[in-house]
There are 2 protein chains.
Amino acid sequence: MSAATLSPPPSRGLLPLRDVTAAEVAACCAPLVREPIAADDAESLARVLKALADPARLRLVSMVAAHEGGEACVCDLTEPLGLSQPTVSHHLKVLVEAGFLTRSKRGTWAYYRIVPGSLEGVAGLLAGV
Amino acid sequence: MSAATLSPPPSRGLLPLRDVTAAEVAACCAPLVREPIAADDAESLARVLKALADPARLRLVSMVAAHEGGEACVCDLTEPLGLSQPTVSHHLKVLVEAGFLTRSKRGTWAYYRIVPGSLEGVAGLLAGV
DNA sequence: CTTAAACATCGACAGACGTCAATATTCATG
DNA sequence: CATGAATATTGACGTCTGTCGATGTTTAAG
């Protein structure tokens, strides 16, 4: 593909072609209760919150964070969660794309870790810093 | 139905027949990242987060909180939100049932207010107190 | 009692979401 | 290269969700 015709300078890191991550959304706007949040910011924050607003994904975040070494592979999570392997992989992907987890592959295993500060960032937005 | 065979003492105010509110869920469990969250707690927290994880509802919470006097009626919210009156009423109901807003009717108007501490409570759960 | 205003509820519909089985991909090992 | 293991992707299915128009409910004012 041509590098010249594609890739216009993405506006500024906010609202690029990719979805906004948990870290980015945390440094975007005034606290929720001070002034009405902008429609665009509401959309971004909602997308990030949606990634967390699922029982399976909350448990995954918690299990990864609480796992020894601060990381866990899919094989560690499937059985205690009680969901199929494809479903667990799907949820992990959602959490990675939202910016809450990172994925690093070593051998055949994929290890997931919490992105430091991602939960705190979203929490700070809700609580009004 | 027999009262003896059915209705064992409901565990303790958590997971009653009604859904758990934002205030209740904040005093339920250890921080998300210390130990794996229980399945029931994950379900409750997800329900509360789901109520916030929508652009229109985030804007409603923000608009109500930022409105003069800390309260707003449906008529204040419909036009700036750009959604129909039934849709706004629906979203407000979701937020009330989740424990983020209260509703008080005066005359023909219904005034909505933020439940103090509700946002902070959920935020505290995410950030690990 | 009628009317009008503010809000809630209902019914319907399109789109998003969570889940799984089946299959594809990637990688270490023999 | 062939095999097996760990994970990702695909396709399908039922359910949930956001939205609206139409209608119901409640209250204040003539």
Side-chain angles (χ1 to χ4, degrees), chain A residues 19 39-40 42-64 67 69 71-98 100-113, chain B residues 19 39-40 42-64 67 69 71-98 100-113:
Chain A
D19 281 351
D40 287 353
E43 198 103 27
S44 299
L45 180 52
R47 229 187 331 249
V48 171
L49 284 176
K50 237 179 251 285
L52 274 186
D54 178 88
R57 290 196 286 269
L58 282 174
R59 294 182 66 191
L60 281 174
V61 166
S62 185
M63 290 165 70
V64 166
H67 203 263
E71 66 178 6
C73 61
V74 181
C75 57
D76 294 322
L77 305 167
T78 300
E79 187 266 342
L81 199 65
L83 292 175
S84 74
Q85 174 265 315
T87 300
V88 173
S89 276
H90 163 68
H91 285 310
L92 289 170
K93 182 179 184 179
V94 171
L95 289 169
V96 167
E97 286 176 344
F100 289 108
L101 296 182
T102 58
R103 188 186 96 114
S104 68
K105 197 159 190 183
R106 295 201 299 273
T108 24
W109 289 270
Y111 291 93
Y112 290 86
R113 289 184 157 275
Chain B
D19 280 353
D40 288 352
E43 198 104 25
S44 299
L45 180 52
R47 232 189 326 251
V48 171
L49 284 176
K50 239 180 249 284
L52 275 186
D54 178 89
R57 289 196 286 268
L58 281 174
R59 294 183 66 191
L60 281 175
V61 166
S62 185
M63 289 165 69
V64 167
H67 203 264
E71 66 178 7
C73 62
V74 181
C75 58
D76 294 322
L77 306 167
T78 300
E79 187 267 339
L81 233 172
L83 292 176
S84 74
Q85 175 266 316
T87 300
V88 173
S89 276
H90 162 68
H91 285 311
L92 290 170
K93 182 178 184 180
V94 171
L95 289 168
V96 168
E97 287 177 343
F100 289 108
L101 296 182
T102 58
R103 189 185 96 113
S104 68
K105 196 159 189 181
R106 295 202 297 273
T108 21
W109 289 271
Y111 292 93
Y112 289 87
R113 289 184 158 276

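Proteins come first, then strands; the chains are lettered A, B, ... in the order of their sequence lines, and each starts at number 1.
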Asker: Can you check the A:R103 CZ to C:dT25 C1' distance for me, whole Å?
Answerer: 11 Å

Asker: What distance do A:T102 atom OG1 and A:Y111 atom OH have between them, rounded to the nearest 0.5 Å?
Answerer: 13.5 Å

Asker: Whole Å only: how far is the CG atom of A:L60 from the C1' atom of C:dT19?
Answerer: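 Nearest whole value for this atom pair: 14 Å.
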
Asker: Generate the contact string for nucleotides 9-18 of chain C. Rules: B means base contact, S means sugar-phosphate contact only, - means no protein heavy atom under 4.0 Å.
Answerer: B-------SS

Asker: Just by modelled atom types, is the A:V74 backbone N or O under 3.5 Å from a matching donor or acceptor in the A:T78 side chain?
Answerer: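 Pair found, side chain donor or acceptor close to backbone of A:V74.
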
Asker: Rounding to an integer number of Å, can you tell me how far A:R59 CZ sits from C:dT19 P?
Answerer: 11 Å

Asker: How many angstroms lie between atom CG of B:D54 and atom CZ of B:R59, to the nearest 0.5 angstrom?
Answerer: 11.0 Å

Asker: Between A:R106 and A:E71, does at least one N-O distance fall below 4.0 Å, as a salt bridge requires?
Answerer: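 Yes, charged N to carboxylate O under 4.0 Å.
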
Asker: Could you check how far CZ of A:R106 sits from C1' of D:dA6, rounded to whole Å?
Answerer: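 In whole Å, D:dA6 C1' and A:R106 CZ are 14 Å from each other.
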
Asker: Expressed in angstrom and rounded to an integer, what is the separation of B:L81 atom CG from C:dC7 atom C1'?
Answerer: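 For the pair B:L81 CG and C:dC7 C1', the rounded distance is 16 Å.
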
Asker: If you assign B:C75 and A:T108 each to the DNA chain C nucleotide with the nearest heavy atom, which residue ends up on the more 5' nucleotide?
Answerer: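 Mapping each residue to its closest nucleotide by heavy atoms, the 5'-most match is B:C75.
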
Asker: With respect to the side chain of B:V74, which nucleotide from D:dT7, C:dC7, D:dA5 is positioned closest?
Answerer: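 Nearest nucleotide to the side chain: C:dC7.
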
Asker: Rounded at 0.5 Å granularity, tell me how far OG in B:S62 sits from NE2 in B:H67.
Answerer: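 Going from OG on B:S62 over to NE2 on B:H67, the span is 12.0 Å.
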
Asker: How far does CG of A:L81 sit from CZ of A:R57, to the nearest 0.5 angstrom?
Answerer: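 Answer rounded to 0.5 Å: 11.5 Å.
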
Asker: Between P on D:dT17 and CZ on B:R47, what's the gap in Å once rounded to a whole number?
Answerer: 11 Å

Asker: Could you check how far CD of B:E79 sits from C1' of C:dA6, rounded to whole Å?
Answerer: 16 Å

Asker: May I ask you to decide if B:A110's main-chain N or O and B:K105's side chain share a donor-acceptor pair within less than 3.5 Å?
Answerer: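 Side chain of B:K105 to backbone of B:A110, a donor-acceptor pair under 3.5 Å: no, none is there.
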
Asker: Counting only side-chain nitrogens and oxygens, does B:S84 get under 4.0 Å of the OP1 or OP2 atom of D:dC20?
Answerer: yes

Asker: Rounded to whole Å, how long is the line connecting atom CG of B:L92 with atom P of D:dT19?
Answerer: 12 Å

Asker: Would you indicate, yes or no, if C:dC7 has its OP1 or OP2 atom less than 4.0 angstrom from a side-chain nitrogen or oxygen of B:Y112?
Answerer: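 Answer no for this pair, as no side-chain N or O of B:Y112 is under 4.0 Å from OP1 or OP2.
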
